[in-house]
Amino acid sequence: MTTSTPTPVLEARNVTMRFGGLTAVRSVDFTVNAGEIVGLIGPNGAGKTTFFNCLTGLYVPTEGTVSYKGTVLPPKPHLVTQAGIARTFQNIRLFANMTVLENVLVGRHTRTKEGLWSALLRGPGFKKAEKASEERAMELLEFIGLAHKRDHLSRNLPYGEQRKLEIARALASEPGLILLDEPTAGMNPQETRATEELVFAIRDKGVAVLLIEHDMRFVFNLSDRVAVLVQGEKLVEGTSEVVQADERVIAAYLGEPFEGAPGEAEAAEVEAAEAAADATGTTSTTSTKGEGQ
Amino acid sequence: MTDLTKTTAAEPGLIPLPAAAARALTLVGGIATAVSAFLAWTWTSEFPGDLTITGYPGGLQWLTFTGGLLITLFALAAYGIRGLGWLVPGGNNGPIVLTALGTFGTTWFTVVAIAVNLDGLVNLEPGAYVAAVASLLTVIGAFALPTTAGETRNAKAAYDAGLRKGGIASQSRVVIATLKGFAAYIGKPDRVPAPGPLAPWAERVVITVVTMIGLGVFTYGIDTEYGELFIGYLILVVFAMWAVHSAGLIDRFSRLVAHHRGFTLAMGFAAAILFPFTQTDDHYANIGVNILIFGTVALGLNIVVGLAGLLDLGYVAFLGVGAYTAALVSGSEFSKFSGVQFPFWAAALSGAAASLIFGVLIGAPTLRLRGDYLAIVTLGFGEIFRIAVNNMDGVSGPDITNGPNGIPSIPDLDFFGFNFGDSHDVAGFTLGRFANYYLLMVLIMAIVVLVYTRAADSRIGRSWIAIREDETAATAMGINGFRVKLIAFALGAALAGLAGTVSAHVTYSVVPTPYQFAGSTPPNSAFLLAAVVLGGMGTVAGPLLGAALLYLLPEKLVFLQDKSLLAFGIALIVLMRFRPEGIIANRRNQLEFHETGQLDVPDTETLADDPAVTKAGA
């Protein structure tokens, strides 16, 4: 998919978000190119969702700018969506008491114009627009495989289908970039695999994807690039292999060995000392270690 | 204990009687009750309605007669008489039990009222005893009926649960079992078989007939001349409606309505237009017009509260703005602009426009708040309007509204020589002043209903509901929350202002006092909100029904007087406990308030096999 000269869809420059004394996101530079799937990972509390909220205008970044296809985005969620960035939420936020179809139609809001007057007067333009909206929404429901449930209330869908519906609702705004906030949270392996295919299908529609995820296998399978956010700062960015091999990433997830922890050399020395102790039966291991350096 | 729970066939009734005997008893009792209405119940015509004549029912006796007739119909349907099967599609005995209870209630209420009003049982003629005994026997018969197959599972589960719970004393066990059994009686069967196919014209005929019956029942309620009759009417109507609901007929009817939405709406308006022609006294047309004004404003509030989910506690102020604007340009000599007299269309438009501007002015700063804070601020603004109008008398403020005296002697409207103040003869019927205004109000209400339904079913309506459901998600979907909410607020305000322009002419004068937060007479903000919540949020018929109820109750039950607010409070609490979605539920709310855990499946499948029908006769 990626061409030799990648065109950036999303460019975040020097984004910083402070809540009082707490800096949740610290000067992050970040780019998503057209046709890319980019993963954003990091330990809990690393600031991933905060960064997402900065991108989508739910938070106004303390410093820095976010631009979409070269134009700087105003920090208002509805304007960001209008510009072409759609998102889903970590904890599903569907319109619970609306039907499946209505949920997707709400997603079409930015791509339709009919205001109050046209709704009241019901001219031919209104009917045409409603019909077109509905057709487009049904296409999306076909795409995620929920067309047969169009008249069900979304609250009554099973969990996995709610996640899918949220993606369809986001896609309804015809975005150039879709942000998925933990799309597989709470899913079983089969559902996760289905979501994987769905994300590829979305990418094949020409929509760039940025996703936050904790399921590492999922992220590394999918992503063209992965960025790691730790304590609000971008640690590494690169292909799956690069990130997986990076020691700092492993350290961030598993913890660094503390200062003075036994390294390989020490371990060998300890073993040798133990062997010696076995032979002599007296020497203490701690004293040999102290001399070892 | 096990032998009690072992019963697997249809549960026997609460009263031990053979099923056949019970069934016969309900039928005979129903007929006897209906016939007893033709006897004299008391000797003197001092009791209102004149119940002294043998051979012709009067006043409350009509209600007993109607009740007896309904029982007879349901009882005959239960016998499987051909042509009556449609009355009880669920095949349950609930309708019989409920109509029997309703008739029993009205009849005994009448008998007791006679004895109390005229001091003593001596005043009862034998006819009254016949009626009382007949209606009591019917109730006994009804409770001896088996809870039918459709309910067997429920009833049995209820019995079992009752027996399990009350393990301490056998007596409490029986009481609980009885209560649960009672609930099983009056509940709606789980599955109501879908109706057979009907020709579209036949469906329209059904809708027409139902609308006309509705008009008849409603007109009867408005025309009740004394409190006792209204109470008896209320008892019968509530139980009869409940019976019809329990029979599953309301479900069937709403399915019909869903197919013929436009036609039903047209029939509803036809019925509304017919109302003044059924009235001989202009007083009742006055009640009608006030209900319409109240209902129209409640429907406007329904956009704000029911669709967009913005709790507005100062809504009546917009009615006030419309009324004051119309009064100022009406040509009244007490108006500040006494020389100016707008034609009505211009006055109506300026009233709506003034309300709209006022709505935007209030909405722009307050709609940035959410939830409780919005409610508090709107409450404040509502009161500010009333107090400001009170003070604009030239002493405490600029001289615009004449202060507490208001603007009196507003002239009647005149459309091309058709003066609304005079009586007119139309096709042999005399339409008085209030009937004229009533018809004008029907037109305004039609506009508001049209605006409501069209706005609700559109892009903007969907975004209102989305905002109500989850504002953050809605904005993330590209909805400009503030703008959309402001449109809802302004639209609601404009509709209330429109209704206000008519109300100014109907009441001859506008004064600040009615436009308050809470008072004992509608409309005020609290009553408007109560009408919306009571009737059913997010529906068209709900607020209208709620408004009619809230207007009629204090109007008819004069004896409640200052206790009417207390009565409302209790009624509202009871309703919120048992039917939080309001009397007329919209599907969304119904599912929201009753967690059933079952998936809602759109009404597409037909339930072919239903054992209830066959077992009902057993």
Side-chain angles (χ1 to χ4, degrees), chain A residues 53 56-58 76-89 92-99 101-122 126 129-130 133 149-158 166 169-170 172-175 179, chain B residues 303 307 309 356 447-448 450-484 486-488 490-492 494-495 537-538 581 586-593 595-604:
Chain A
N53 287 343
T56 52
L58 280 178
K76 283 262 175 12
H78 66 270
L79 295 178
V80 170
T81 312
Q82 176 106 48
I85 298 180
R87 70 168 292 174
T88 66
F89 292 89
I92 302 173
R93 300 188 84 151
L94 286 170
F95 306 119
N97 293 303
M98 296 176 93
T99 64
L101 180 66
E102 282 173 330
N103 264 283
V104 183
L105 283 176
V106 170
R108 300 269 316 148
H109 188 89
T110 50
R111 299 296 167 242
T112 43
K113 284 197 188 60
E114 283 62 44
L116 182 62
W117 286 115
S118 99
L120 295 185
L121 299 175
R122 298 260 149 143
F126 175 83
E130 282 286 288
S133 267
K149 289 199 171 174
R150 54 173 278 173
D151 290 329
H152 288 231
L153 290 194
S154 64
R155 68 202 309 244
N156 290 332
L157 294 183
E166 222 193 357
R169 186 181 68 177
S173 64
E174 292 168 19
L179 311 186
Chain B
I303 294 181
L307 289 182
L356 186 129
I447 294 172
V448 174
L450 200 71
V451 166
Y452 180 89
T453 49
R454 290 196 159 183
D457 175 33
S458 72
R459 171 173 173 267
I460 192 101
R462 281 193 297 272
S463 52
W464 285 334
I465 299 171
I467 291 267
R468 190 192 66 193
E469 292 284 311
D470 187 335
E471 191 161 347
T472 309
T475 49
M477 288 304 113
I479 293 170
N480 185 342
F482 176 67
R483 187 186 141 89
V484 166
L486 194 61
I487 290 176
L491 181 66
L495 295 179
M537 271 195 273
E581 68 273 32
N586 110 351
R587 196 169 67 102
R588 256 189 251 289
N589 290 346
Q590 192 145 34
L591 288 160
E592 187 173 340
F593 286 119
E595 294 281 356
T596 51
Q598 63 184 25
L599 300 184
D600 69 312
V601 183
D603 289 330
T604 45

Considering only heavy atoms, which portion of [X] lies under 4.5 Å from any heavy atom of chain B: side chain, backbone, both, or neither?
X: A:Lys76; answer: neither
X: A:Ile85; answer: neither
X: A:Thr112; answer: both
X: A:Arg111; answer: neither
X: A:Ala86; answer: neither

Count the heavy-atom pairs under 4.5 Å between each of [options] and chain A, then report the option with the highest count.
options: B:Leu450, B:Asp457, B:Leu491; result: B:Asp457
options: B:Ala466, B:Ser463, B:Ser458; result: B:Ala466
options: B:Ile487, B:Asp470, B:Ile460; result: B:Asp470

Please find the pair of heavy atoms, one from [X] and one from [Y], that lie closest to each other, and give the distance.
X: A:Thr81; Y: B:Thr475; answer: OG1-O, 4.1 Å
X: B:Arg454; Y: A:Leu120; answer: NH1-O, 2.8 Å
X: A:Phe89; Y: B:Ala476; answer: CZ-CB, 3.5 Å

Should A:Arg108 and B:Arg459 count as side-chain neighbours, where that means a heavy-atom distance under 4.5 Å?
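A:Arg108 does not reach B:Arg459 side chain to side chain.
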
Picking from A:Pro77, A:Gly57, A:Ala172, which has the most non-hydrogen pairs under 4.5 angstrom with chain B?
A:Pro77

Taking every heavy-atom pair that is under 4.5 Å apart, which of A:Arg122, A:Glu114, A:Arg87 has the most such pairs with chain B?
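Most heavy-atom pairs within the cutoff with chain B belong to A:Arg122.
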
Charged N to carboxylate O below 4.0 Å: is that the case for A:Arg155 and B:Glu469?
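Salt bridge between A:Arg155 and B:Glu469, a charged N being under 4.0 Å from a carboxylate O: no.
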
Find the distance between CE (B:Met477) and NE2 (A:His109) and round it off to the nearest 0.5 Å.
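Those atoms lie 11.5 Å apart.
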
Within this structure, what is the CD1-CG distance for the pair B:Ile465 and A:Asn103, rounded to the nearest 0.5 Å?
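Going from the CD1 atom of B:Ile465 to the CG atom of A:Asn103 covers 11.0 Å.
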
